[in-house]
Structures are given as C-alpha cells and as structure tokens.
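Since the structure comes first, as structure tokens, the remarks are kept for the end.
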Amino acid sequence: DTPELVRYYRELEELGTGALWTVANKIEPWEPASPSVPIIWRYNDLRDRVMRALELVTPEQAGRRVVYLANPARQDVVAAVGWLYSGLQVMAPGECASSHRHSASALRFIMEGEGAFTNVDGHKMTLGRNDFVLTPNGTWHEHGVAEGGTPCIWQDGLDIPLMNALDANFYEVHPDLNQAVTYPVDDATATWAGAGLRPAGQDWSKRYSPLFKYEWEPTYEALQRYARVTDGSPYDGVHMDYMNPLTGGAVMSTIGASIQMLRPGERTRA
Ligand code: GTQ
C-alpha cells in the first residue's frame, strides 16, 4: 500500500465506507469457511453435571434447566457448531417448565428417563427414550415429567444463533404460564405417522411438519429394514432423514434432522 492508498483508505473509513478489494477474500471465501472447531462432548462426562443442576436450580429459577454445548472457537455466540445451539435439559418427576414461544425453532432427542412430556400448541406428547420431537418456531411449548417418572435428560437443538444473526429472535412468555391441552394426548403421531398413509381431507398449511413426535421403535425398525437392502453410504452408514410426511422435505425450514446407524465393526470414510 502506497502512502496515497493508506490515506485514501483512512478517508473512506471516516465516511463509514471501505474499499472492497481489501476485504473481498475475507467476505467472499473461495469455499465455506467455518470458524467452529471439531469437538466431542462425552455423555459420560456431562451426565453427572447435568443431574447436579437438579439440586442447584428449580425450573422456576432457571426457566429451562439446561447445560449448553459451547464450541471453544465460538466465544462470540452460544453455538455448538455453525449457527446451531445445542444443550442437555434435565427435569425431575413432578416438575414443569413454563410455556413460552420464540422465533427460534427447536428439536429434542430424548436421552434417558421415563415420564417426560411436552406440550406444543395444545398437543401434549409423551416422550420415551430415543424419541425425536419438534417444537417449531412460533409454537407455544412447555415440558415436564410426570409424578411417577424418573429424572429425564433430553438433548435440545435450536437455531438460536441463526435467528440472532438475522436480528430476528423474539421471545414471549405464555400469559397463563402454562397452556391447556386442547387435543387428545399424542394425537399428532396418531394422525400423521401412518405407514405411507395420511388422513383423507385433512389439510395442513404450516411450513413445518405436522408430525411433532417421531417415536423410536418405528425409527429403529426403518433403519434395520433399510439396512437389509443397502450397504449404506461409505461416509455416513445407514443414514435416513426425518421428514415432513406431507412434503417429503425437512421437518422444519431452518433445521433438519437425520439419524445414522453404524453397524458393528463399521468405520466410515472422512
Ligand atoms: O426448551 O424452550 O435448550 O427455549 C434453549 C432455549 C431449550 C426450550 C433450550 C429454549 C429451550
């Protein structure tokens, strides 16, 4: 840079501008550049710490009792990787976390415990181990564990960093703190999880899947059945996408989800 150029850059800066050629490679990389670093969070390391939160804070104090996953290279946002947030949420029998909604979309994978439930816009769902659940953007949702249950841990995934990056994250507490159950329990799965069948004449115009809960048993069965007729991907093993049954597409607009089965001895390629 000549002294004349340096002076020129300074003049531009004072006017709230800049010369594109000084930043072009940074803002338009040749290929996607992720600042996140690879990291493994081991459930064995985290489980006891997550359980300890049961004694330390109540759902009322915490709102959501969650230990989030922090990618060490992403100090500027709370992100596990990319623009995705993830955390481990824990609840004890008899507890209920109040209802709220936000423009971030959420999904959950049940890790352990019995008696968990979630209510999404009046659709109450019972949650078993390895079930997969959606709480799409804008839906009221609250979680709890039944009196007769055991401490439950599930993994949350949300597009919180993405919504914040878009300056679009609204958060609202339900006016009654808890919402009514306005449909039969587990009606979403009973209605939309039919084996290639959908209710005749039943419409759905929302931009997310009407099937809010994907139960583990049919999921595992689907993986095993597919594995009988495929070698799977050399990179991902037996790999299936959770889908919106009406479109065949992703479960929500901003986060999809898939499940992988690795068979004994299987080692996939990078
Ligand atoms: O359950 O609604 O882990 O709003 C982070 C933000 C869970 C939830 C999280 C949330 C929730």
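Order of appearance sets the numbers: ligands from 1, and atoms from 1 within every ligand. The first residue of the sequence shown is numbered 1, and numbering continues consecutively from there.
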Quick one: does ligand 1 sit under 4.0 Å from the side chain of [X], the backbone, both or neither, non-hydrogen atoms only?
| X | result |
| --- | --- |
| Arg108 | side chain |
| Leu158 | side chain |
| Tyr85 | side chain |

> In terms of atom number and element, which parts of ligand 1 are under 4.0 angstrom from non-hydrogen atoms of Gln89?
Replying inline: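 Checking each atom against Gln89, I get 1 (O), 7 (C).
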>> Within the 4.0 Å heavy-atom shell around Val66, which atoms of ligand 1 are there?
In response: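 Atoms satisfying the 4.0 Å criterion: 3 (O).
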> Would Leu127 and Thr118 count as a side-chain contact (heavy atoms from CB on, under 4.5 Å) if you check the C-alpha gap in whole Å, the side-chain angles of each, and the deciding distance to 0.1 Å?
Replying inline: CA-CA 7 Å; Leu127 305 177; Thr118 195; 4.1 Å; yes
> Can you find an N or O of Tyr171 that's nearer than 3.5 Å to an N or O of ligand 1?
Replying inline: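 In fact, backbone or side chain, Tyr171 has no N or O that close.
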> With the threshold set at 4.0 Å, does a side-chain nitrogen-carboxylate oxygen contact exist between Glu11 and Arg7?
Replying inline: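 Salt bridge flag = no for Arg7 with Glu11.
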> So which heavy atom in the protein is nearest atom 7 (C) of ligand 1, and how far is it from that ligand atom?
Replying inline: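 The closest heavy atom on the protein side is Asp156 OD2, 3.2 Å.
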> How far is atom 8 (C) of ligand 1 from its nearest protein heavy atom, and which residue and atom is that?
Replying inline: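 Ranking protein heavy atoms by distance from atom 8 (C) of ligand 1, first comes Arg64 NE, 3.0 Å.
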>> Please verify the inter-ring angle class for Trp21 with Tyr9; under 30° counts as parallel, over 60° as perpendicular, anything in between as tilted.
In response: tilted
>> Between His239 and Ser258, is there a side-chain donor-acceptor contact under 3.5 Å, judged purely by atom types and distance?
In response: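 Present: a donor and an acceptor within the cut-off.
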> Any idea which heavy atoms bring Ala257 and Phe132 closest together, and the distance?
Replying inline: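 So the minimum-distance heavy-atom pair works out to CB-CZ, 3.4 Å.
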> Looking at Asp131, Asn130, Val251, which one forms a side chain to side chain contact (heavy atoms under 4.5 Å, CB included) with Tyr214?
Replying inline: Val251
